[in-house]
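To keep things clear, I will list the structure first and then write my remarks on it.
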Number of protein chains: 2
Amino acid sequence: MSAREQRQVASDAGLSKQRVVVEAIRLADREGVDGLSMRRLAGELGAGAMSLYHYVANKEQLLDAMIDIVFEEIELPPEETDWQSAMRRRAVSARQVLASHPWAIGLMESRTSPGPANLRHREAVTACLRRAGFTVLTATHANWLLDSYVYGFALQEASLPFDTADEFTGMTEEVFLPQLPPDEFPYLNESAAALVAAGYDPAEEFIFGLDLILAALEPLRASA
Amino acid sequence: MSAREQRQVASDAGLSKQRVVVEAIRLADREGVDGLSMRRLAGELGAGAMSLYHYVANKEQLLDAMIDIVFEEIELPPEETDWQSAMRRRAVSARQVLASHPWAIGLMESRTSPGPANLRHREAVTACLRRAGFTVLTATHANWLLDSYVYGFALQEASLPFDTADEFTGMTEEVFLPQLPPDEFPYLNESAAALVAAGYDPAEEFIFGLDLILAALEPLRASA
DNA sequence: TCGTACACTGTACGACGTACGGTGTACGAG
DNA sequence: CTCGTACACCGTACGTCGTACAGTGTACGA
């Protein structure tokens with residue numbers, strides 16, 4: 001048995017850029033982006049820290065690659081349906097993916113050059129809009145608008161300190177409301193109370209705004 | 001002249017939480033959030049690194065305080081106009097502020113508890129919407145929708161690798177287009193070409209989506 | 001049999017956040 | 001006028017970070 005094969009047994013498989021990046025994503029999902037260090041990542045892979053630099057030029061490039069894998073996970077707009085359904089599907093998918101990799105959102109601000117999966121995604125979305133009858137310029141507007149909504153929603157969702165409706169109710173009643181004097185924040189109190197009563201569901205909230213935007217974009221199609 | 005007065009001359013004024021946080025923001029604006037270290041910040045203030053810990057519990061709290069100062073800079077919705085104008089003003093202000101502190105957007109994802117300025121802002125926005133005739137629930141929807149758009153737009157804008165229209169044209173023609181094979185990315189090519197021809201202005205782009213959202217929200221008012 | 005190339009790693013450096021234990025000065029009490 | 005205390009500030013040190021650099025061992029073609 002060669003040393004390479006030994007290593008493969010010891011660490012589940014030989015190293016590769018793919019394996020490094022995938023494990024990095026797992027680590028970031030588990031511990032947050034601050035918990036992702038080259039040493040820890042190497043440890044997870046059963047390797048020395050410097051070995052990683054044979055597959056990734058530096059940590060920045062590793063982060064770029066991680067982001068692009070995230071984009072790969074987002075569904076492309078299906079081609080066989082009307083444009084609104086297609087956009088809704090890909091937006092919903094994007095929200096799900098970003099919610100399961102919250103660190104990705106904070107990373108986008110600092111990373112300026114889009115990866116290949118990102119480009120493929122943009123191309124597919126633009127294609128869908130153009131084929132639906134939007135002009136080049138209105139398609140650009142629609143693109144900015146939809147992406148802004150999706151990213152902004154994911155950003156807000158990521159900064160919520162709870163994940164489930166129960167946690168929300170608990171946190172609101174025990175932490176937030178006591179911090180909000182009703183005379184200074186009457187409307188926030190009212191709104192928090194209503195949300196506790198009505199229940200809290202980010203997926204529903206997301207769909208509401210999304211459908212409102214899609215409906216408002218409909219009249220901009222040239223061939224309507 | 002006392003030692004304290006000497007210090008004040010040497011470093012422009014005695015230390016204070018306010019001064020520490022403001023200088024931290026200046027440093028982050030200038031060098032990015034990665035360039036902000038306790039040692040460098042202390043250096044800018046003419047102090048030792050550990051002195052900062054008398055005004056800030058740790059770096060996390062410093063970042064929280066920075067974010068809240070940023071929220072303080074955003075205009076509250078004016079009370080004397082119709083709700084759409086009020087929302088437009090505060091949204092435009094928010095975009096400007098976030099564009100001048102791009103690091104703030106990436107920070108929001110990891111920071112979960114809102115500061116006082118943030119709360120005041122939310123209260124004022126919610127008040128404006130409720131007074132305009134939105135119900136508690138539709139006001140919540142509108143809030144999520146508008147904030148998502150503003151934050152998401154700011155996030156996308158921050159991740160653009162250029163600041164001016166000229167830079168945009170240059171980068172597009174010299175860097176992006178050569179990377180986009182026309183047969184693989186026909187629509188992105190078309191759209192890039194159109195943008196170069198029509199000129200690029202993020203402020204206009206922002207207003208487009210904003211007004212579209214505001215118009216779409218109008219019919220949701222109860223007292224319309 | 002040997003040379004080369006490749007995959008990998010050990011060590012070391014400078015910078016980071018911050019715990020801990022000072023140090024000097026201002027100031028109220030005696 | 002003296003002195004105790006409180007406060008503002010800092011020097012040093014520890015563990016961790018990213019990563020430059022200089023190896024080391026093995027596979028493989030000649």
Side-chain angles (χ1 to χ4, degrees), chain A residues 1-25 27-28 30-67 103 106-107 110-111, chain B residues 1-25 27-28 30-67 103 106-107 110-111:
Chain A
M1 186 186 252
S2 74
R4 160 149 217 140
E5 281 163 330
Q6 278 181 11
R7 221 182 304 114
Q8 287 186 347
V9 169
S11 54
D12 261 4
L15 252 42
S16 73
K17 175 157 183 178
Q18 172 81 0
R19 226 166 84 75
V20 168
V21 177
V22 166
E23 191 63 39
I25 291 178
L27 193 53
R30 200 154 16 100
E31 317 255 353
V33 76
D34 287 344
L36 170 65
S37 79
M38 299 301 269
R39 283 178 236 257
R40 278 209 61 185
L41 175 54
E44 300 288 331
L45 291 161
M50 291 312 292
S51 308
L52 306 181
Y53 287 88
H54 274 264
Y55 304 98
V56 175
N58 47 43
K59 196 181 184 182
E60 290 286 293
Q61 192 181 102
L62 171 64
L63 297 176
D64 283 341
M66 291 168 67
I67 292 263
W103 46 266
L107 243 45
S110 44
R111 241 123 287 291
Chain B
M1 188 188 249
S2 74
R4 161 152 215 136
E5 281 163 329
Q6 278 181 10
R7 220 183 305 114
Q8 287 187 345
V9 169
S11 54
D12 262 3
L15 252 44
S16 72
K17 175 156 184 180
Q18 172 81 0
R19 227 165 84 74
V20 168
V21 177
V22 166
E23 191 63 38
I25 291 178
L27 194 52
R30 201 154 16 102
E31 318 256 353
V33 76
D34 287 343
L36 170 65
S37 80
M38 299 302 268
R39 283 176 234 256
R40 280 210 61 185
L41 175 55
E44 299 288 330
L45 292 161
M50 291 313 291
S51 308
L52 304 181
Y53 287 87
H54 275 263
Y55 304 99
V56 176
N58 48 41
K59 196 180 184 183
E60 290 286 293
Q61 194 182 98
L62 171 65
L63 296 176
D64 283 341
M66 290 167 66
I67 292 264
W103 47 266
L107 244 43
S110 47
R111 241 120 288 291

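Letters go in sequence order (proteins before strands), and every chain restarts at 1.
A heavy-atom distance below 4.5 Å is found between the side chains of B/L41 and B/L45. When side chains are defined from C-beta on, B/W103 does not count as touching B/D34, because their heavy atoms never get closer than 4.5 Å. For the pair A/E44 and A/L27, the minimum side-chain heavy-atom distance is below 4.5 Å.
Closest to the side chain of A/Y53, from the set D/dC17, C/dT18, D/dG18, is D/dG18. Here the nucleotide nearest the side chain of B/K59, chosen from C/dT9, C/dG17, D/dG18, is C/dG17.
Rounded to an integer number of Å, the gap from B/D34 CG to C/dG17 P is 11 Å. Between B/M50 atom CE and D/dG11 atom P there is a gap of 12 Å when expressed in whole angstrom units. Straight-line distance from the CE atom of A/M38 to the P atom of C/dA15: 20 Å, rounded to whole Å. Counting to the nearest Å, the P atom of D/dC17 and the CG atom of A/N58 are 17 Å from each other. One atom, CG of A/L41, and another, P of D/dT19, lie 13 Å apart when rounded to the nearest Å. Straight-line distance from the CG atom of A/L27 to the P atom of D/dC17: 11 Å, rounded to whole Å. The distance from atom CG of A/L36 to atom C1' of D/dG18 is 12 Å, rounded to the nearest whole Å.
Searching all strands for a Watson-Crick or G-U wobble partner of D/dA30 with both distances below 3.5 Å returns C/dT1.
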Item to check | Stepwise side-chain contact (heavy atoms from CB on, under 4.5 Å) test for A/Q61 and A/K17 | outcome: CA-CA 11 Å; A/Q61 192 181 102; A/K17 175 157 183 178; 3.9 Å; yes

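Each of B/S16 and A/R39 was assigned the nucleotide of DNA chain D with the nearest heavy atom; the assignment lying further toward the 5' end belongs to B/S16. The nearest heavy atom of DNA chain D to A/H54 and to A/S37 marks one nucleotide each, and the one closer to the 5' end goes with A/S37. When each of B/A57 and A/L52 is assigned the nucleotide of DNA chain C bearing its nearest heavy atom, the one mapping closer to the 5' terminus is A/L52.
Within a 6.0 Å radius of CD in B/Q18, no more than 12 heavy atoms belonging to other residues, nucleotides or ligands are found.
Under 4.0 angstrom from either OP1 or OP2 of D/dC10 there lies at least one side-chain N or O belonging to B/S51.
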